[in-house]
Amino acid sequence: MRVTARKSPPNISLVSKSKIYFGPGPAMLPQEVLQGTADAVLDYNHSGISILSIPHRGRAFAVILEETKARVLAICKLDANEYELLWLQGGGRQQFAMIPMNFLAPEKTAGFIDSGHWAKDAMDTAAFYGNTVSLCSSASDDYRYLPEWPKEIPDNLSYLYLTSNNTIYGTQWPEIPTCDTPLVVDMSSDIFSCARDYARCDLFFAVAQKNIGPAGVTLVVIRKGMLKRQVRELPGILSYSAQVKANSLLNTPPVSAIYTCLLNLRWIQEQGINSLFEANKKKAEMIYTELDSNPIFQPIVSPESRSMMNVVFRMMDKSHESAFLDFCASRNIEGIAGHRSVGGFRASLYNAVSVDDVAQLVSAMREFS
Ligand code: PMP
(Lines give C-alpha, C1' and ligand atoms only; values in the text may rest on other atoms or scores of the structure.)
Protein backbone atom coordinates (compact mmCIF):
# COMPACT_ATOMS: atom_id res chain seq x y z
CA MET A 1 0.00 0.00 0.00
CA ARG A 2 1.36 3.39 -0.97
CA VAL A 3 1.45 6.03 1.74
CA THR A 4 0.23 9.39 0.54
CA ALA A 5 2.46 12.13 1.86
CA ARG A 6 0.78 15.04 3.54
CA LYS A 7 2.53 18.29 2.80
CA SER A 8 2.45 19.23 6.45
CA PRO A 9 1.51 16.85 9.22
CA PRO A 10 -1.81 17.55 10.89
CA ASN A 11 -1.18 19.50 14.02
CA ILE A 12 -3.30 17.38 16.33
CA SER A 13 -2.99 18.57 19.86
CA LEU A 14 -3.44 15.00 20.99
CA VAL A 15 -1.78 15.29 24.32
CA SER A 16 -3.00 18.32 26.13
CA LYS A 17 -1.72 17.15 29.47
CA SER A 18 -4.66 15.92 31.51
CA LYS A 19 -2.75 14.07 34.23
CA ILE A 20 0.10 15.05 36.48
CA TYR A 21 2.40 12.08 36.24
CA PHE A 22 5.23 11.22 38.64
CA GLY A 23 6.00 7.73 37.30
CA PRO A 24 9.57 6.42 37.79
CA GLY A 25 10.00 5.25 34.18
CA PRO A 26 8.66 4.97 31.62
CA ALA A 27 8.28 8.57 32.66
CA MET A 28 6.63 11.72 31.44
CA LEU A 29 8.17 13.46 28.40
CA PRO A 30 7.78 17.13 27.43
CA GLN A 31 4.65 17.89 25.40
CA GLU A 32 6.73 19.23 22.49
CA VAL A 33 8.59 15.92 22.32
CA LEU A 34 5.33 13.97 22.27
CA GLN A 35 3.92 16.25 19.58
CA GLY A 36 7.07 15.93 17.45
CA THR A 37 6.94 12.16 17.80
CA ALA A 38 3.26 12.05 16.86
CA ASP A 39 3.91 14.16 13.77
CA ALA A 40 6.84 11.95 12.73
CA VAL A 41 4.77 8.78 13.20
CA LEU A 42 2.37 10.12 10.57
CA ASP A 43 4.98 11.53 8.22
CA TYR A 44 8.68 11.82 9.00
CA ASN A 45 10.05 15.18 7.91
CA HIS A 46 7.66 15.47 4.92
CA SER A 47 9.11 12.29 3.46
CA GLY A 48 5.73 10.60 3.13
CA ILE A 49 7.05 7.75 5.28
CA SER A 50 6.45 7.22 8.97
CA ILE A 51 9.37 7.32 11.41
CA LEU A 52 8.19 3.80 12.28
CA SER A 53 9.13 2.68 8.77
CA ILE A 54 12.23 4.58 7.64
CA PRO A 55 15.18 2.25 6.97
CA HIS A 56 17.75 1.98 9.74
CA ARG A 57 20.61 1.96 7.22
CA GLY A 58 19.30 4.89 5.20
CA ARG A 59 20.57 8.45 5.06
CA ALA A 60 17.75 9.90 7.17
CA PHE A 61 18.54 7.68 10.15
CA ALA A 62 22.29 8.23 9.76
CA VAL A 63 21.59 11.96 10.18
CA ILE A 64 19.46 11.29 13.28
CA LEU A 65 22.22 9.16 14.85
CA GLU A 66 24.85 11.76 14.07
CA GLU A 67 22.79 14.53 15.66
CA THR A 68 22.12 12.49 18.83
CA LYS A 69 25.85 11.95 19.20
CA ALA A 70 26.72 15.62 18.75
CA ARG A 71 24.03 16.70 21.21
CA VAL A 72 24.89 14.16 23.93
CA LEU A 73 28.58 15.04 23.74
CA ALA A 74 27.76 18.76 23.83
CA ILE A 75 25.45 18.39 26.85
CA CYS A 76 28.09 16.30 28.64
CA LYS A 77 30.94 18.60 27.51
CA LEU A 78 32.87 15.62 26.12
CA ASP A 79 35.33 15.57 23.27
CA ALA A 80 34.28 13.52 20.22
CA ASN A 81 37.91 12.44 19.80
CA GLU A 82 37.81 10.75 23.19
CA TYR A 83 34.35 9.22 23.51
CA GLU A 84 32.09 6.92 21.50
CA LEU A 85 28.34 6.82 21.82
CA LEU A 86 26.06 3.82 21.42
CA TRP A 87 22.32 3.25 21.44
CA LEU A 88 21.78 -0.34 22.59
CA GLN A 89 18.86 -2.54 23.59
CA GLY A 90 18.29 -4.87 26.52
CA GLY A 91 17.92 -2.08 29.07
CA GLY A 92 19.98 -1.52 32.18
CA ARG A 93 20.11 -5.26 32.84
CA GLN A 94 21.95 -5.89 29.59
CA GLN A 95 24.53 -3.28 30.63
CA PHE A 96 24.88 -5.07 34.00
CA ALA A 97 26.00 -8.11 31.95
CA MET A 98 27.89 -6.44 29.07
CA ILE A 99 30.16 -4.42 31.35
CA PRO A 100 31.71 -7.47 33.09
CA MET A 101 31.58 -9.55 29.89
CA ASN A 102 33.75 -6.93 28.22
CA PHE A 103 35.95 -5.76 31.10
CA LEU A 104 36.09 -8.37 33.88
CA ALA A 105 38.34 -11.41 33.30
CA PRO A 106 37.53 -14.55 35.38
CA GLU A 107 40.51 -14.14 37.74
CA LYS A 108 40.07 -10.37 38.14
CA THR A 109 37.96 -8.25 40.49
CA ALA A 110 35.53 -5.36 39.99
CA GLY A 111 34.60 -3.04 42.89
CA PHE A 112 31.03 -1.95 43.64
CA ILE A 113 29.43 0.83 45.63
CA ASP A 114 26.41 -1.01 47.01
CA SER A 115 23.94 1.85 47.33
CA GLY A 116 20.71 0.21 46.24
CA HIS A 117 18.81 -2.45 44.35
CA TRP A 118 20.24 -1.71 40.89
CA ALA A 119 23.82 -1.47 42.16
CA LYS A 120 23.40 -4.85 43.86
CA ASP A 121 21.82 -6.37 40.77
CA ALA A 122 24.77 -5.13 38.68
CA MET A 123 27.20 -6.64 41.22
CA ASP A 124 25.39 -10.00 41.27
CA THR A 125 25.38 -10.09 37.47
CA ALA A 126 29.11 -9.30 37.31
CA ALA A 127 29.78 -12.32 39.56
CA PHE A 128 28.92 -14.56 36.58
CA TYR A 129 32.09 -13.35 34.87
CA GLY A 130 34.71 -12.65 37.55
CA ASN A 131 35.21 -11.63 41.18
CA THR A 132 33.30 -8.78 42.75
CA VAL A 133 33.89 -6.82 45.92
CA SER A 134 31.47 -4.51 47.69
CA LEU A 135 33.56 -1.51 48.79
CA CYS A 136 30.82 -0.01 50.95
CA SER A 137 27.15 -0.72 51.50
CA SER A 138 24.06 0.65 53.22
CA ALA A 139 22.04 -2.53 52.61
CA SER A 140 21.79 -3.32 56.33
CA ASP A 141 19.80 -0.08 56.79
CA ASP A 142 17.54 -0.68 53.81
CA TYR A 143 19.64 1.75 51.74
CA ARG A 144 18.10 4.74 53.55
CA TYR A 145 21.31 6.72 53.07
CA LEU A 146 24.37 6.60 50.85
CA PRO A 147 27.14 4.41 52.22
CA GLU A 148 30.30 6.16 53.36
CA TRP A 149 32.68 6.45 50.39
CA PRO A 150 35.52 3.90 50.80
CA LYS A 151 38.66 5.36 52.35
CA GLU A 152 40.77 3.35 49.97
CA ILE A 153 40.04 1.86 46.58
CA PRO A 154 42.18 -1.25 45.97
CA ASP A 155 44.49 -0.54 43.04
CA ASN A 156 44.05 -3.90 41.31
CA LEU A 157 40.38 -3.48 40.34
CA SER A 158 39.33 -3.89 36.70
CA TYR A 159 36.82 -1.10 37.27
CA LEU A 160 34.80 0.67 39.93
CA TYR A 161 31.03 0.62 39.48
CA LEU A 162 28.73 3.33 40.79
CA THR A 163 25.00 4.08 40.47
CA SER A 164 24.69 7.87 40.50
CA ASN A 165 21.04 7.93 41.58
CA ASN A 166 19.23 5.11 43.35
CA THR A 167 15.79 5.16 41.77
CA ILE A 168 14.04 2.87 44.23
CA TYR A 169 15.49 4.14 47.51
CA GLY A 170 15.69 7.83 46.55
CA THR A 171 19.36 8.55 47.23
CA GLN A 172 21.75 10.39 44.92
CA TRP A 173 25.50 11.00 44.85
CA PRO A 174 26.13 14.75 44.79
CA GLU A 175 28.96 14.35 42.32
CA ILE A 176 30.84 11.88 40.20
CA PRO A 177 34.01 10.98 42.13
CA THR A 178 37.51 11.07 40.77
CA CYS A 179 39.45 7.84 41.00
CA ASP A 180 42.44 6.15 39.43
CA THR A 181 40.47 3.00 38.60
CA PRO A 182 38.36 2.98 35.41
CA LEU A 183 35.00 4.35 36.51
CA VAL A 184 31.71 2.90 35.23
CA VAL A 185 28.53 4.76 36.18
CA ASP A 186 24.86 3.83 35.83
CA MET A 187 23.22 7.24 35.34
CA SER A 188 19.83 5.87 34.36
CA SER A 189 17.75 7.99 36.68
CA ASP A 190 19.60 11.29 36.87
CA ILE A 191 21.38 11.81 33.56
CA PHE A 192 20.94 15.34 32.16
CA SER A 193 19.27 16.54 35.38
CA CYS A 194 22.18 18.67 36.53
CA ALA A 195 25.73 19.55 35.50
CA ARG A 196 28.01 16.56 36.09
CA ASP A 197 31.65 16.02 35.37
CA TYR A 198 30.98 13.29 32.83
CA ALA A 199 34.66 13.26 31.84
CA ARG A 200 35.39 11.50 35.14
CA CYS A 201 33.65 8.41 33.74
CA ASP A 202 35.26 5.85 31.49
CA LEU A 203 31.85 4.43 30.67
CA PHE A 204 28.40 5.67 31.60
CA PHE A 205 25.03 4.45 30.56
CA ALA A 206 21.41 5.39 31.07
CA VAL A 207 18.21 3.61 30.13
CA ALA A 208 16.18 6.07 28.08
CA GLN A 209 12.83 5.76 29.81
CA LYS A 210 13.43 8.36 32.54
CA ASN A 211 15.23 11.49 31.40
CA ILE A 212 16.08 10.70 27.77
CA GLY A 213 13.09 9.28 25.90
CA PRO A 214 10.93 6.18 25.59
CA ALA A 215 11.77 2.67 26.81
CA GLY A 216 13.54 0.31 24.43
CA VAL A 217 16.89 1.96 24.08
CA THR A 218 19.89 2.60 26.34
CA LEU A 219 22.48 5.29 25.88
CA VAL A 220 26.08 4.17 26.43
CA VAL A 221 29.00 6.59 26.31
CA ILE A 222 32.43 5.00 26.43
CA ARG A 223 35.95 6.36 26.46
CA LYS A 224 37.80 5.16 23.37
CA GLY A 225 40.65 3.79 25.47
CA MET A 226 38.23 1.40 27.24
CA LEU A 227 37.46 -0.34 23.95
CA LYS A 228 40.94 -1.85 23.93
CA ARG A 229 40.34 -3.46 27.32
CA GLN A 230 37.92 -6.18 26.15
CA VAL A 231 38.98 -9.29 28.07
CA ARG A 232 37.25 -12.13 26.23
CA GLU A 233 35.97 -13.01 22.82
CA LEU A 234 32.35 -12.08 22.44
CA PRO A 235 29.70 -12.18 19.77
CA GLY A 236 29.54 -8.73 18.18
CA ILE A 237 26.17 -7.88 19.61
CA LEU A 238 27.62 -8.03 23.16
CA SER A 239 30.94 -6.37 22.43
CA TYR A 240 31.29 -2.60 22.85
CA SER A 241 34.08 -2.38 20.30
CA ALA A 242 32.08 -4.32 17.68
CA GLN A 243 29.05 -2.13 18.38
CA VAL A 244 31.15 1.00 17.98
CA LYS A 245 32.55 -0.28 14.66
CA ALA A 246 28.99 -0.90 13.46
CA ASN A 247 27.73 2.49 14.77
CA SER A 248 25.01 0.77 16.89
CA LEU A 249 23.66 -0.90 13.74
CA LEU A 250 24.58 -4.55 14.24
CA ASN A 251 20.91 -5.32 14.68
CA THR A 252 17.90 -3.23 13.70
CA PRO A 253 17.69 -0.50 16.35
CA PRO A 254 14.43 1.04 17.56
CA VAL A 255 14.55 3.90 15.07
CA SER A 256 11.50 5.76 16.35
CA ALA A 257 12.57 5.50 20.01
CA ILE A 258 15.97 6.99 19.12
CA TYR A 259 14.23 9.76 17.17
CA THR A 260 12.13 10.62 20.23
CA CYS A 261 15.37 10.71 22.26
CA LEU A 262 16.73 13.19 19.71
CA LEU A 263 13.67 15.43 20.10
CA ASN A 264 14.16 15.33 23.85
CA LEU A 265 17.89 16.10 23.53
CA ARG A 266 16.93 19.18 21.48
CA TRP A 267 14.46 20.16 24.21
CA ILE A 268 17.11 19.67 26.92
CA GLN A 269 19.57 21.88 25.06
CA GLU A 270 16.92 24.56 24.50
CA GLN A 271 16.16 24.60 28.23
CA GLY A 272 19.83 24.45 29.19
CA ILE A 273 21.21 22.12 31.87
CA ASN A 274 21.56 24.93 34.40
CA SER A 275 17.94 25.98 34.20
CA LEU A 276 16.81 22.34 34.34
CA PHE A 277 19.00 21.90 37.41
CA GLU A 278 17.54 25.01 39.08
CA ALA A 279 14.01 23.73 38.43
CA ASN A 280 14.92 20.22 39.64
CA LYS A 281 16.42 21.65 42.82
CA LYS A 282 13.34 23.75 43.45
CA LYS A 283 10.94 20.83 42.84
CA ALA A 284 12.87 18.62 45.25
CA GLU A 285 13.05 21.36 47.91
CA MET A 286 9.30 21.96 47.69
CA ILE A 287 8.42 18.36 48.38
CA TYR A 288 11.12 17.65 51.01
CA THR A 289 10.12 20.82 52.87
CA GLU A 290 6.55 19.57 52.98
CA LEU A 291 7.66 16.11 54.11
CA ASP A 292 9.81 17.58 56.90
CA SER A 293 6.99 19.77 58.20
CA ASN A 294 3.77 17.86 57.58
CA PRO A 295 3.22 15.57 60.58
CA ILE A 296 1.28 12.89 58.70
CA PHE A 297 4.08 12.23 56.17
CA GLN A 298 7.54 10.87 56.71
CA PRO A 299 10.58 11.22 54.42
CA ILE A 300 12.57 7.99 54.35
CA VAL A 301 16.01 9.20 53.30
CA SER A 302 18.53 11.05 55.51
CA PRO A 303 18.82 14.71 54.41
CA GLU A 304 22.42 14.50 53.16
CA SER A 305 21.65 11.57 50.83
CA ARG A 306 18.37 12.75 49.32
CA SER A 307 17.76 12.45 45.62
CA MET A 308 16.50 15.35 43.52
CA MET A 309 14.95 12.88 41.10
CA ASN A 310 13.11 10.29 43.20
CA VAL A 311 11.54 11.40 46.46
CA VAL A 312 10.59 8.43 48.62
CA PHE A 313 8.17 8.81 51.52
CA ARG A 314 5.58 7.12 53.69
CA MET A 315 2.73 8.10 55.95
CA MET A 316 3.14 7.91 59.70
CA ASP A 317 -0.03 5.84 59.74
CA LYS A 318 0.44 3.37 56.90
CA SER A 319 -3.23 2.44 56.98
CA HIS A 320 -3.99 5.79 55.28
CA GLU A 321 -1.67 5.24 52.35
CA SER A 322 -4.17 3.78 49.93
CA ALA A 323 -6.65 6.58 50.77
CA PHE A 324 -3.95 9.13 49.88
CA LEU A 325 -3.35 7.40 46.54
CA ASP A 326 -7.10 7.59 45.83
CA PHE A 327 -7.17 11.24 46.89
CA CYS A 328 -4.32 12.02 44.49
CA ALA A 329 -6.05 10.12 41.67
CA SER A 330 -9.18 12.22 42.24
CA ARG A 331 -6.94 15.26 41.55
CA ASN A 332 -5.43 13.67 38.43
CA ILE A 333 -2.13 12.97 40.18
CA GLU A 334 -0.77 9.57 39.16
CA GLY A 335 2.37 7.46 39.38
CA ILE A 336 3.33 8.06 43.01
CA ALA A 337 3.07 4.51 44.39
CA GLY A 338 6.42 3.37 45.82
CA HIS A 339 8.39 0.52 44.25
CA ARG A 340 6.79 -2.86 44.96
CA SER A 341 9.78 -3.86 47.13
CA VAL A 342 9.55 -0.86 49.50
CA GLY A 343 5.92 0.34 49.40
CA GLY A 344 4.83 3.83 50.43
CA PHE A 345 5.25 6.58 47.85
CA ARG A 346 7.79 7.78 45.34
CA ALA A 347 7.47 10.98 43.37
CA SER A 348 9.84 10.95 40.41
CA LEU A 349 10.75 14.49 39.44
CA TYR A 350 12.51 14.04 36.11
CA ASN A 351 13.10 17.01 33.80
CA ALA A 352 9.65 16.96 32.17
CA VAL A 353 7.88 17.32 35.53
CA SER A 354 7.20 21.02 36.13
CA VAL A 355 7.41 23.11 39.29
CA ASP A 356 3.66 23.55 38.96
CA ASP A 357 3.13 19.75 38.88
CA VAL A 358 5.00 19.50 42.18
CA ALA A 359 3.00 22.39 43.63
CA GLN A 360 -0.16 20.38 42.88
CA LEU A 361 1.21 17.36 44.71
CA VAL A 362 2.24 19.44 47.71
CA SER A 363 -1.18 21.03 47.81
CA ALA A 364 -2.79 17.56 47.70
CA MET A 365 -0.59 16.51 50.64
CA ARG A 366 -1.70 19.54 52.64
CA GLU A 367 -5.34 19.16 51.87
CA PHE A 368 -5.31 15.46 52.67
CA SER A 369 -3.70 16.05 56.04
N1 PMP B 1 19.51 1.18 36.68
C2 PMP B 1 18.70 2.05 37.29
C3 PMP B 1 19.30 3.15 38.11
C4 PMP B 1 17.31 1.91 37.17
O5 PMP B 1 16.51 2.78 37.80
C6 PMP B 1 16.79 0.86 36.40
C7 PMP B 1 15.31 0.65 36.17
N8 PMP B 1 14.47 1.49 36.71
C9 PMP B 1 17.68 -0.03 35.79
C10 PMP B 1 19.04 0.16 35.94
C11 PMP B 1 17.18 -1.21 35.00
O12 PMP B 1 16.69 -0.83 33.77
P13 PMP B 1 15.91 -1.84 32.83
O14 PMP B 1 14.56 -2.09 33.43
O15 PMP B 1 15.84 -1.12 31.53
O16 PMP B 1 16.73 -3.09 32.75
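Since we're looking at a predicted model, the values are computed, not measured. When a ligand or atom number is given, it counts from 1 through the structure's own listing order.
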| said: Which of the numbered atoms in ligand 1 are under 4.0 angstrom from any heavy atom belonging to Q209? | reply: 15 (O)
| Sub-4.0 Å atoms of ligand 1 with respect to non-hydrogen atoms of F96 | 10 (C)
| query | atom 14 (O) of ligand 1: which protein heavy atom is closest, and how many Å away? | reply | R93 NH1, 2.5 Å
| message | Taking 4.0 angstrom as the limit and counting only heavy atoms of S188, give me the atoms of ligand 1 inside it, by number and element. | response | 1 (N), 2 (C), 3 (C)
| field | Other residues, nucleotides, ligands: >12 heavy atoms within 6.0 Å of R71 CZ | value | yes
| remark: When distances are taken from atom 8 (N) of ligand 1, the protein heavy atom at minimum range is K210 NZ, 2.8 Å
| Under 4.0 Å from any heavy atom of V207, which atoms of ligand 1 are there? | 12 (O), 15 (O)
| query | Among all protein non-hydrogen atoms, which one is nearest to atom 15 (O) of ligand 1, and what is the separation to 0.1 Å? | reply | G92 N, 3.1 Å
| request: Give the residue and atom name of whichever protein heavy atom lies nearest to atom 1 (N) of ligand 1, and the separation in Å to one decimal. | output: D186 OD2, 2.6 Å
| task | Check the angle between the aromatic planes of F96 and W118 and answer parallel, tilted or perpendicular using the 30° and 60° thresholds. | result | tilted
| said: Could you check whether S193 and N211, counting side-chain N and O atoms only, form a donor-acceptor pair closer than 3.5 Å? | reply: no
| note | For I176 and S164 the tightest heavy-atom approach is CD1-CB, 4.4 Å
| query | Can you say whether the rings of F297 and F345 are parallel (under 30°), tilted (30 to 60°) or perpendicular (over 60°)? | reply | perpendicular
| request: Report the nearest protein non-hydrogen atom to atom 5 (O) of ligand 1: residue, atom name, distance rounded to 0.1 Å. | output: T167 OG1, 2.5 Å
| What protein heavy atom is closest to atom 6 (C) of ligand 1, reported as residue, atom name and distance in Å? | W118 CE2, 3.5 Å
| query | For K224, does the NZ atom sit with more than 12 other heavy atoms under 6.0 Å from it, leaving out its own atoms? | reply | yes
| query | Angle class for the Y143/Y169 ring planes (parallel below 30°, perpendicular above 60°, tilted otherwise)? | reply | tilted
